[in-house]
Structures are given as structure tokens and as C-alpha cells.
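Here the structure comes first, spelled out in C-alpha cells, and everything after it is commentary.
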Amino acid sequence: MKLIAPCKINLGLDILRRRPDGYHDIETVMMAVPHLADTLEIERADVITFRGEGIAVDCADDNNLCVRAARLMSERYGAGGVSIVLDKKVPFGAGLGGGSSDAAKTIVAINELYALGLSEDEMCDVAGALGSDTSFFVRNTPQLCTSRGEVMTPYDLSRLNGAWLAIVKPPFGVSTPQAYSGVVPRIPEIPLVQRLDADISSWRECLTNDFERTVFPQHPSLVQIKEQLYQSGAFYASMSGSGSAMFGLFAERPSLGFADDLFVSVGRL
């Protein structure tokens with residue numbers, strides 16, 4: 001079975017408060033990126049095996065989220081083994097959720113391969129145990145994500161249909177603990193959905209990613225990438241998730257002149 005595992009971007013990301021369990025309550029809208037995705041080939045097998053191709057990730061195969069997802073499906077629902085081949089195209093440490101997407105697609109594949117009959121909500125519950133944004137990738141449609149990110153409500157982003165999206169990632173990544181260090185939670189005066197519902201021309205001024213306040217001082221080059229996206233004609237630019245990937249939204253296909261050492265992906269929404 002072959003599956004496509006797209007990455008995501010965040011439109012706005014408010015860090016509202018620190019929770020007693022050590023996590024943070026957030027509000028963000030996530031949308032899948034059709035033109036930047038990993039590919040998974042998953043088949044039934046006697047045991048769980050994994051092979052990675054493409055971009056090398058910075059974790060042992062045994063700890064890959066795909067393997068952890070397969071183990072969890074076995075523990076919870078008695079699913080058998082699977083062979084997993086991952087062709088990695090989405091850079092990691094980027095805030096694009098590539099690993100979470102791979103894990104979600106593994107859950108979806110095992111549900112089908114072993115005819116478990118799990119509902120979407122049940123698969124989201126399994127995915128949520130692996131990461132705060134993993135449940136999103138079970139649905140892969142625009143969602144307003146709250147709580148730790150796992151509580152989802154569909155959000156209409158059809159007005160972005162046909163827009164162009166450029167993703168730019170520098171040679172370094174940003175870990176989630178690094179991004180959260182120094183974060184000061186806050187409740188914005190205007191709720192996220194209200195700002196998103198406003199005219200797109202206002203997004204540049206009012207739609208923010210709170211992680212930029214802590215990550216940008218650590219990595220000033222990200223500020224330069226964001227400014228270059230605007231200079232190239234973006235009507236909105238931001239960091240995705242906890243970074244380090246930056247993205248820009250454009251009305252027309254952009255002409256970008258980023259240095260060769262940067263990862264750049266451009267496609268239509």
C-alpha cells in the first residue's frame with residue numbers, strides 16, 4: 001500500500017497558557033501542503049520493520065514515529081506486523097510536521113491492512129498519543145486546533161484555493177523544547193479566528209506565530225527570510241509551527257532568489 005504524507009503549515013499560532021501537565025494550550029489553524037510530502041509503502045508482515053530513504057532523519061529507526069505508531073496499533077488493537085519504507089522529502093526540525101504526518105498515515109494504513117474498522121475519531125485518538133499535531137494528519141483538511149493542538153474543528157480556507165505557497169528552510173532546525181524556552185503565554189485581544197476571518201490584506205499586521213518572539217532572536221537569519229518573502233510579493237509570510245521553516249503565500253507564482261544552501265519548495269494550494 002502506497003500513501004502520500006503531506007506536511008502542514010500553521011496560519012497563526014497563539015500560545016495561550018501553560019497547563020498543569022507541562023504542555024501549553026494553543027490556538028492555530030493547520031492546513032496540509034499538497035506539493036511537499038513524504039511517501040510511505042506499508043505492507044503486512046510478520047514483524048514491524050522500517051527502512052528510510054531520501055532525507056536522513058536524526059533518530060534511530062527503532063524510534064521513528066512510524067515504528068512507534070505501528071507498535072501502538074499493535075498494543076491497542078492487536079494489529080500484526082508491517083514493513084514500512086519511508087521516502088523522506090519533508091525536512092525535519094522545520095515545524096512542518098513531517099514525522100507526525102508519517103505516523104498518521106501509518107495508523108491509517110494499518111487500520112485498512114488489518115481491517116480494524118476504526119473510526120476517524122479513534123484513529124485521531126491513537127495519533128494524539130504520539131504528538132500534539134499528529135491527529136491533524138488523519139483528517140488532512142484545514143482545522144482550527146486547540147488544547148495541545150489535538151482538539152480540532154474544521155475551518156474553511158477555500159479563499160486560499162489557487163494561491164501559491166513557498167516554503168523556505170535554512171540548513172538548521174529548531175527543536176520544540178528550544179522554541180518553547182522563554183515563551184511567555186498570553187491571551188490575545190482579538191481571538192485567532194476573528195483575525196483569520198478578516199480580510200487577507202490584514203493578516204500581515206495581525207496574524208502572528210508566537211514562537212517567532214523566541215526563535216527569531218536565536219536565529220536572526222529567519223527574519224531575513226521572512227522579509228525576503230515579502231519583498232518577493234508575499235501577501236502573508238510566517239514561520240510554520242516551532243520552525244525553522246518559513247513560508248509565504250502569493251497571489252502569483254513567485255520568483256525567488258534564495259541562496260543554494262536553503263531548502264525551497266514552491267507549489268499551488
OH (Y23) with more than 12 external heavy atoms under 6.0 Å = no

Assess the side chains of S119 and D121: does a donor N or O sit below 3.5 Å from an acceptor N or O?
-> no

Side-chain heavy atoms of L11 within contact of L249, under 4.5 Å | yes

Might you work through the side chain to side chain contact (heavy atoms under 4.5 Å, CB included) test for E212 and D210, ending with a clear yes or no?
-> CA-CA 5 Å; E212 291 184 1; D210 283 351; over 6 Å; no

Compute the centroid of each ring, for F211 and then for Y180, and state whether the two points are separated by less than 6.0 Å.
-> yes

Taking atom types as modelled, is there a side-chain donor on Q224 or S221 under 3.5 Å from an acceptor on the other?
-> no

Value rounded to 0.5 Å, distance of CZ in F50 from CG in N63 = 11.0 Å

Is there a path of hydrophobic side-chain contacts, each under 4.5 Å between heavy atoms of I, L, V, M, F, W or Y residues, that connects I4 with I42?
-> no

Counting only N and O atoms by type, is there a donor-acceptor contact under 3.5 Å from the side chain of S232 to the main-chain atoms of Q228?
-> yes

Short side-chain to backbone donor-acceptor contact, Y114 and G78, under 3.5 Å = no

Hey, mind stepping through L165 and H35 against side chain to side chain contact (heavy atoms under 4.5 Å, CB included) and telling me if it holds?
-> CA-CA 9 Å; L165 170 68; H35 66 269; 3.9 Å; yes

Please name the pair of heavy atoms, one in L65 and one in L130, separated by the smallest distance, quoted to 0.1 Å.
-> CD2-O, 4.0 Å

Under 3.5 Å: donor-acceptor pair, side chain of T28, backbone of G12 = yes

Taking S240 for the side chain and G95 for the main chain, is one N or O donor matched with an acceptor at less than 3.5 Å?
-> yes

If you take all heavy atoms of K8 and F136, which pair is closest and at what distance?
-> CB-CE2, 3.8 Å

Do you see a donor-acceptor pair shorter than 3.5 Å between the side chains of Q143 and T141?
-> yes

Show your working on side chain to side chain contact (heavy atoms under 4.5 Å, CB included) between N64 and D61 and close with a plain yes or no.
-> CA-CA 5 Å; N64 187 280; D61 288 353; 5.5 Å; no

Closest heavy-atom pair and its distance - G241, N10 | N-OD1, 3.0 Å

D25 and salt bridge (Lys or Arg N to Asp or Glu O under 4.0 Å): which partner among R148, R19, R18?
-> R19

With distance as the sole test, does Y236 use its side chain to make a donor-acceptor pair with the main-chain N or O of L207 at under 3.5 Å?
-> yes

How many angstroms lie between atom CE of M123 and atom OG of S135, to the nearest 0.5 angstrom?
-> 11.0 Å

Taking every heavy atom of R139 against every heavy atom of C124, the minimum-distance pair comes out as NE-SG, 4.2 Å

L222 vs E227 side-chain heavy atoms within contact, under 4.5 Å = no

Atom of S244, atom of F172 and distance for their closest heavy-atom approach = OG-O, 2.6 Å

Work out which heavy atom in F235 is nearest to a heavy atom in R204; give both atom names and the distance.
-> O-CB, 4.3 Å

Presence of salt bridge, R76 and D125, under 4.0 angstrom = yes

Test salt bridge (charged side-chain N to carboxylate O under 4.0 Å, His left out) applied to R195 and D14, step by step = CA-CA 12 Å; R195 284 174 278 145; D14 296 339; 2.5 Å; yes

Donor-acceptor pair, S202 side chain versus A198 backbone, under 3.5 Å?
-> no

Can you establish whether the number of heavy atoms outside E112 located under 6.0 Å from its atom CD is more than 12?
-> no

Cluster question for you: counting only ILVMFWY and a side-chain heavy-atom cut-off of under 4.5 Å, with indirect links fine, are L40 and V90 together?
-> no

Backbone N or O of S201 within a donor-acceptor pair of the D199 side chain at under 3.5 Å?
-> yes

Indicate yes or no: at least one non-hydrogen side-chain atom of L96 is less than 4.5 angstrom from one of P91.
-> yes

Do F247 and F250 belong together in a cluster built from hydrophobic side chains that touch within less than 4.5 Å?
-> no

Do V57 and L86 belong to the same hydrophobic cluster, where Ile, Leu, Val, Met, Phe, Trp and Tyr are linked whenever their side-chain heavy atoms lie under 4.5 Å apart, directly or via other members?
-> no

Walk me through it: do N209 and F216 pass the test side chain to side chain contact (heavy atoms under 4.5 Å, CB included)?
-> CA-CA 11 Å; N209 178 341; F216 279 6; over 6 Å; no

Answer yes or no: is there a side-chain heavy-atom contact under 4.5 Å between Q218 and Q178?
-> yes

Answer yes if I200 and L196 sit in the same cluster of Ile, Leu, Val, Met, Phe, Trp and Tyr residues linked by side chain heavy atoms under 4.5 Å apart, and no otherwise.
-> yes

Check for a donor-acceptor pair, side chain of R186 on one end and backbone N or O of L16 on the other, with a separation under 3.5 Å.
-> no

Count the heavy atoms of every other residue, nucleotide or ligand shown that sit under 6.0 Å from CG of D261, and state whether that count exceeds 12.
-> yes

Given the rule in the salt bridge (charged side-chain N to carboxylate O under 4.0 Å, His left out) test, do K89 and D87 qualify, once you have shown the distances and angles that lead to the verdict?
-> CA-CA 7 Å; K89 302 297 184 186; D87 185 6; 3.8 Å; yes

Is there a donor-acceptor pair closer than 3.5 Å between any side-chain N or O of R268 and the backbone N or O of G162?
-> yes

Donor-acceptor contact below 3.5 Å, side chain T214 vs main chain A179 | yes

